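Beneath this line is the structure, given in structure tokens, with notes to follow.
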Amino acid sequence: MNSNLDQYWRRITCGDEQALEKLYKLTFPSLVRYACSITGQQHLAEEVVQDVLLKLWLNRTLIVVQGSFSSYLFRSVHNYALNALRQQKTLKQSVNQIVTEELWGFISNNYDLDEQFIDQLYAEETGELIEKAIEELPEQCRHVFRMSRFETLSIQEIARELKLSENTIKTHIYRALHRISEILGSNS
Amino acid sequence: MKKVDLPESKINILIVSFLTDSIDHEEFIYLQQWINASAENRKYFNNLKDSWTLSSLKKESASGLNNSWLEFKEKLDLNVEQESKETGRRINKPNYLRLAASWLLFCALGSGLTWIISNRLKNSVGNTIEISVPLGSRNSIKLPDGTRVWLNAGTTLAYNENYGRKTRTLDLTGEAYFDVAKDKSHPFIVKTAGLVVKALGTKFNIKAYPDEKTISATLEEGKIDVSLLNRNGQTQKVVLNPNQKIIYFKKIRESEIYTESIEDKANLKSVPDKDISMKLKDASILTNVQTELFTSWKDARWIIKGEPLGTLAPMLERRYNLRIVFNEEELKKYKFSGTIENETVDQLLKAMRLTAPLDYSINKDTIILTLNKNYKDEFGKIMTHKQTN
């Protein structure tokens, strides 16, 4: 996948708009997913990724990419997402709102981007593996994880609905994540 | 599926709280401290965080994605329209800088390069003009004040709208040669990642590639003030005279020890002591430098003298936009002298084969160099013979 992207980039630098479209459709979902992990907001994430791809196109003859193009893409999205987060006043949906400046500093210092992670972000199997991992979770654990991740309910809401403590909810989510990271780790 | 008993530690809960946006300030501080405490902790955190990110299974429908693309295309077309409107407006404004920018547009410089000046980088403070030269080319431009700049392959030069108002400041990544127009009232300043050079009316070369361990400045004519950031974080100032060159060792990470080997890489060992006029902790200044060795890359004839293949290779990689791979490390020690004009890579390698026991194979844009053991001894004899003469 990565080598394909380098090819698309080469064609883009020559002004090939079709290559841009192909690149867009191929990478947009993964890039947004990543941007969202930083900004916490889907809409903002989409804006960030579109901004990155727009700038890429407009400055295509000026940009010199050293190393793999896909890392370049991710690093750009990473930086833009951080800036976008910084410009926001508060973090939405926080139970206790953390000062965004602090959060920004935390993310920029601790979010590491490595090749393996980038590859996984793109790979088709990743989604399948994760789906499988979730299926194999014990029932309540799976239920809680789905509610949190896919129905995007807050911890409070889930606790209320299932009549469990918040701590229990969080523990279930932890177990699910642990299982997922095991499956992904053993697959690389 | 095996059931694993997982320890319900406080940290796991904290991490989940962070990921699900349900962490309070105190807990956040605690989590930060825990993560910063060790590389393992950090890795542990990243592992869970990555799984969280990857598990966001928003399977984009084909139509959803298509709509997103169409929305994007609209932004694209709008932006291109916007730019052409603005360039039209700009040429009417009698602004020194903008006139110069449009001058550059028309000056399609001879080596088949396409030049476009980006006048508006999104999200930037004020208007920045950035000029880049891709690998495999070189070019020269004239700045608004008449200063001439030659840019080597893989170089980017950036300057602000305010250029010339109080100072003439530029940001450089890569290699450039400057022929600075005299203007006492506006100091000419070039910034690189570690070295800042100030000049009045001079001719000098700066080499500041991001992937190299050193930054160097060579003065041909005039005088330059060089400021560098030393390992203690303080600024040190040095003045260079003509035929002097300063080699600055970029910030070394804590875990690396400053040893002779770094000098090796900067090729200082071959310089006689009398020509090293100053050895600061973070930089070395050489005098009696044959400046054309470091500046002729910009001319039709690039002169090389006694350059080890190890340091010559990256220069060739940039000039020809290809990759050079060494099969044997010892090949890097062989030195080359000569002039390069318009040779093809193949001609160049053939010439190099006359003075070093190397074999090469070209595969698309990668060159693989291997040591020819049969000739190695022959060359060894010739070399020692030369040296004793």
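Below, read A as the first sequence line, B as the second, and so on, with proteins coming before strands; counting in each chain starts at 1. All of these numbers come straight from a predicted model, not from anything done at the bench.
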Given a strict heavy-atom distance threshold of 4.5 Å, which part of Ile15(B) is in contact with chain A: side chain, backbone, both, or neither? neither

Comparing Ile29(B), Asn46(B), Leu19(B) against chain A, the one with the most heavy-atom pairs below 4.5 Å turns out to be Asn46(B)

Evaluate whether atom NZ of Lys191(B) has more than 12 neighbouring non-hydrogen atoms of other residues, nucleotides or ligands under 6.0 angstrom away. no

Between Lys25(A) and Glu21(A), is there a side-chain N and carboxylate O pair less than 4.0 Å apart? yes

Report which part of Lys49(B) has an atom under 4.5 Å of a heavy atom belonging to chain A: side chain, backbone, both, or neither. side chain

Sort Ile63(A) into side chain, backbone, both or neither according to what part of it lies under 4.5 angstrom from a heavy atom of chain B. neither

Which region of Ile169(A), side chain (C-beta onward) or backbone (N, CA, C, O), has a non-hydrogen atom less than 4.5 Å from a non-hydrogen atom of chain B, or is it both or neither? neither

Looking at NZ of Lys22(A) and CZ of Arg11(A), how far apart are the two atoms once the value is rounded to the nearest 0.5 Å? 5.0 Å

Which portion of Ser154(A) sits near chain B, non-hydrogen atoms under 4.5 angstrom: neither

Cationic N near anionic O, under 4.0 Å, Lys75(B) to Glu71(B): no

Applying a criterion of heavy atom separation less than 4.5 Å, what residues of residues 36-45 of chain B form contacts with chain A? Asn36(B), Arg42(B), Tyr44(B), Phe45(B)

Side chain, backbone, both or neither: which part of Leu177(A) has a non-hydrogen atom closer than 4.5 Å to chain B? both

Any ion pair linking Arg142(A) and Glu131(A) (charged N to carboxylate O, less than 4.0 Å)? no

If the threshold is 4.0 Å, N to carboxylate O, is there a salt bridge linking Glu27(B) and Lys170(A)? no

Side chain, backbone, both or neither: which part of Leu48(B) has a non-hydrogen atom closer than 4.5 Å to chain A? both

Residues Lys73(B), Glu17(A); criterion salt bridge (charged side-chain N to carboxylate O under 4.0 Å, His left out); working and verdict: CA-CA 10 Å; Lys73(B) 180 99 169 58; Glu17(A) 215 181 270; 3.1 Å; yes

